[in-house]
Every structure is written in structure tokens, then in C-alpha cells.
Amino acid sequence: MGQILPLEDAIKVLEMSPSRKFILMHCACRRYFGHKDFASCLFFEPVIERALRERPWEKDSKILTKAKAIELEKEMDRKGLTHSLWDAGVTREGKPPIVMCHCLETDCMPTRLRAHYGVINGQRKSEYVAVVDTEKCRAGCKSKPNCMHRCPFGAMRYSPLQQVLSINVSKCFGCGLCRPSCPTGAIGLVDRLSFP
């Protein structure tokens with residue numbers, strides 16, 4: 001089971017993790033779809049040894065400290081990649097194998113199934129949705145805004161007549177990738193449960 005996280009929650013997960021080291025590996029989904037391949041999956045302890053054993057073809061995996069893993073989260077966010085946290089049940093010892101993936105909805109199989117086909121099993125939206133301060137939005141954007149290009153789920157629409165952006169809450173995954181591109185800070189995240 002996996003869940004989309006905004007950057008600040010992804011960083012909190014890393015900070016709270018008892019893992020002292022992480023391993024950065026290639027994304028199996030991205031390889032499957034034939035998209036540009038690069039290392040973007042961050043495995044937590046105790047999965048590191050298992051991941052190395054089960055993926056012997058990966059010769060360029062990198063061990064990262066917690067500080068480097070946090071920097072990686074920030075870099076992936078700047079690139080416009082969503083953060084999603086995954087578990088795969090538990091090991092025989094009862095420990096949860098965990099990985100933080102960084103992808104687009106076109107690359108991630110479970111996210112693609114959720115976004116395009118409505119298949120809910122496997123991928124959960126974040127606990128937040130994006131909202132727009134319409135006054136700040138009108139003051140900052142006089143044409144099609146940059147933030148729309150950062151939304152991987154097509155949840156944003158711009159009205160040229162009203163010169164304001166709107167968010168389709170049912171399409172919004174709450175990843176927060178739209179926020180850094182807004183010059184006036186008009187986009188924020190609120191608790192998903194605040195909407196009916």
C-alpha cells in the first residue's frame with residue numbers, strides 16, 4: 001500500500017525513521033514503461049540488504065545518510081516528482097519494508113491506475129488537498145499560470161475571464177507540487193477532511 005505525500009510530510013517521515021541509512025535505486029515502474037531511467041526509489045532499513053540481494057543488476061545504487069536522503073527529497077520536489085511512501089506488508093521478523101518513491105503519474109503503475117482508471121487499491125491520495133487564495137491568484141497571474149504545468153493529476157483549471165485558478169478537489173492528490181511555482185503564494189494545502 002502506498003500514499004502520496006507533500007514534501008514536508010516526506011521529510012518528517014525521514015526524520016522520524018529509525019533508519020540511519022537509505023539506499024537509492026532505480027524505479028522498476030519507470031523501466032517497465034520505458035521512460036527515462038534514473039535512480040529515484042529510496043529504500044529504508046531493514047530493506048537495504050534485501051533490495052541489494054533481489055536486484056543484483058543494479059550496480060550504481062547509492063547508500064545515503066539521513067541528511068542526504070532529505071536533500072534528495074527536496075531535489076525530487078524541485079524536479080516536479082511526487083513523493084509516495086510504500087510498504088510491502090511485513091518481513092518474517094515483523095518489520096515493514098518501506099520505500100519512498102519519486103515519480104510522475106505516467107511512470108508509477110499504482111498512481112497511473114488510480115489517476116486514469118479510478119483503481120483505488122494500492123495508491124492513496126495524501127491527507128491534503130490544494131486550495132487557492134483567489135485574491136492572491138488574481139494579483140499574481142494575468143495569463144495561464146505556471147502552476148498548472150506542475151500538477152501531474154490535471155486537477156487545476158484557469159479561468160481567463162475571472163483570471164483565477166480553481167482546483168478540482170476530487171482530482172487533487174494533495175502532492176503540493178504546484179505550490180513552489182506560484183509567485184504570490186496563492187496555493188496552500190488543507191486537510192482533505194475539511195471538504196465534504
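Residue numbers start at 1 and run along the sequence shown. The structure displayed is predicted, hence computed values, not measured ones.
Contact of the H149 side chain with the S181 side chain is not registered, since no non-hydrogen atoms from C-beta on lie closer than 4.5 Å. You'll find the side chain of L24 reaches within 4.5 Å of the side chain of L72, heavy atoms only. Between I70 and E15, some side-chain heavy-atom pair lies under the 4.5 Å cut-off. Residues L52 and I23 form a side-chain contact, since some pair of their non-hydrogen atoms from C-beta on lies under 4.5 Å apart. For the pair C175 and P152, the minimum side-chain heavy-atom distance is below 4.5 Å. When side chains are defined from C-beta on, L113 does not count as touching Q123, because their heavy atoms never get closer than 4.5 Å. Counting only heavy atoms from C-beta outward, the side chains of V129 and I167 never approach each other to under 4.5 Å.
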Worksheet item: What do the steps show when you test K68 against E71 for salt bridge (Lys or Arg N to Asp or Glu O under 4.0 Å), and what is the final call?
Response: CA-CA 5 Å; K68 290 286 186 188; E71 285 306 310; over 6 Å; no

Item to complete: Evaluate the side chain to side chain contact (heavy atoms under 4.5 Å, CB included) criterion for residues Y158 and Q163: first the C-alpha distance (whole Å), next the side-chain angles of each, then the deciding distance (0.1 Å), finally the verdict.
Response: CA-CA 7 Å; Y158 181 75; Q163 293 187 328; 3.5 Å; yes

Discussion item. One pair to check against side chain to side chain contact (heavy atoms under 4.5 Å, CB included): M148 and L165. What are the steps and the verdict?
Written reply: CA-CA 9 Å; M148 289 180 63; L165 182 82; 3.7 Å; yes

Practice prompt. Please step through side chain to side chain contact (heavy atoms under 4.5 Å, CB included) for the pair T65 and R20, ending with a clear verdict.
Written response: CA-CA 6 Å; T65 63; R20 293 183 310 276; over 6 Å; no

Worksheet item: Given the rule in the side chain to side chain contact (heavy atoms under 4.5 Å, CB included) test, do T184 and C137 qualify, once you have shown the distances and angles that lead to the verdict?
Response: CA-CA 7 Å; T184 61; C137 185; 5.6 Å; no

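Scanning all heavy atoms of the two residues, the minimum distance from P6 to L189 falls at CB-CD1, 3.6 Å. Between C178 and A130, the closest heavy-atom pair is SG-CB, 4.2 Å. Of all heavy-atom pairs between N168 and S170, the closest is OD1-OG, 2.6 Å. Here the closest non-hydrogen pair linking P56 and R53 is CD-O, 3.6 Å.
Atom CD1 of I4 sits about 13.5 Å away from atom OH of Y128, to the nearest 0.5 Å. Here T82 contributes atom OG1 and L7 contributes atom CG; the two are 12.0 Å apart, rounded to the nearest 0.5 Å. In this structure, SG on C182 lies 4.5 Å from CD1 on I187, to the nearest 0.5 angstrom. Note: L14 CG to D9 CG = 11.0 Å, rounded to the nearest 0.5 Å. Rounding to the nearest 0.5 Å gives a distance of 6.5 Å between CG of D87 and CD1 of I98. The structure places CG of L85 at 9.5 Å from OG of S17, a figure rounded to the nearest 0.5 Å.
Salt bridge annotation for K79-E75: present, with a cationic side-chain nitrogen under 4.0 angstrom from a carboxylate oxygen.
Not one N or O on the side chain of S84 forms a donor-acceptor pair closer than 3.5 Å with the backbone of G2. No donor-acceptor distance shorter than 3.5 angstrom exists from the side chain of H102 to the backbone of L81, with no hydrogens or angles considered. Listed for the T111 side chain is no donor-acceptor partner under 3.5 Å among the backbone atoms of C108. Looking only at distances, no side-chain donor or acceptor of S159 sits under 3.5 Å from a matching main-chain atom of V164. The backbone N or O of S126 sits less than 3.5 Å from a side-chain atom of R192, completing a donor-acceptor pair.
Within 6.0 Å of NZ in K66 there are more than 12 heavy atoms belonging to other residues, nucleotides or ligands. For R124, the CZ atom sits in a loose shell: 12 or fewer heavy atoms of surrounding residues, nucleotides or ligands are nearer than 6.0 Å.
Checked against side-chain hydrogen bond (donor to acceptor under 3.5 Å, both in side chains), R150 has no partners two or more places apart in sequence or in another chain. Legend: residues meeting ring pair (Phe, Tyr, Trp, His ring centres under 6.0 Å) with F173, ordered by chain and number and at least two apart, are F153. Evaluation of the side-chain hydrogen bond (donor to acceptor under 3.5 Å, both in side chains) rule for E135 yields R138 as partners, not counting sequence neighbours.
Of the options R50, R55, M100, a side-chain contact (heavy atoms from CB on, under 4.5 Å) to F43 is made by R55 and by none of the others. The only member of R157, M156, K125 that meets side-chain contact (heavy atoms from CB on, under 4.5 Å) when paired with K171 is R157.
With no hydrogens or angles considered, a side-chain donor-acceptor pair links H26 and D60 at under 3.5 Å.
Note: the hydrophobic cluster containing V190 does not contain V132 (ILVMFWY, side chain heavy atoms under 4.5 Å, direct or indirect links).
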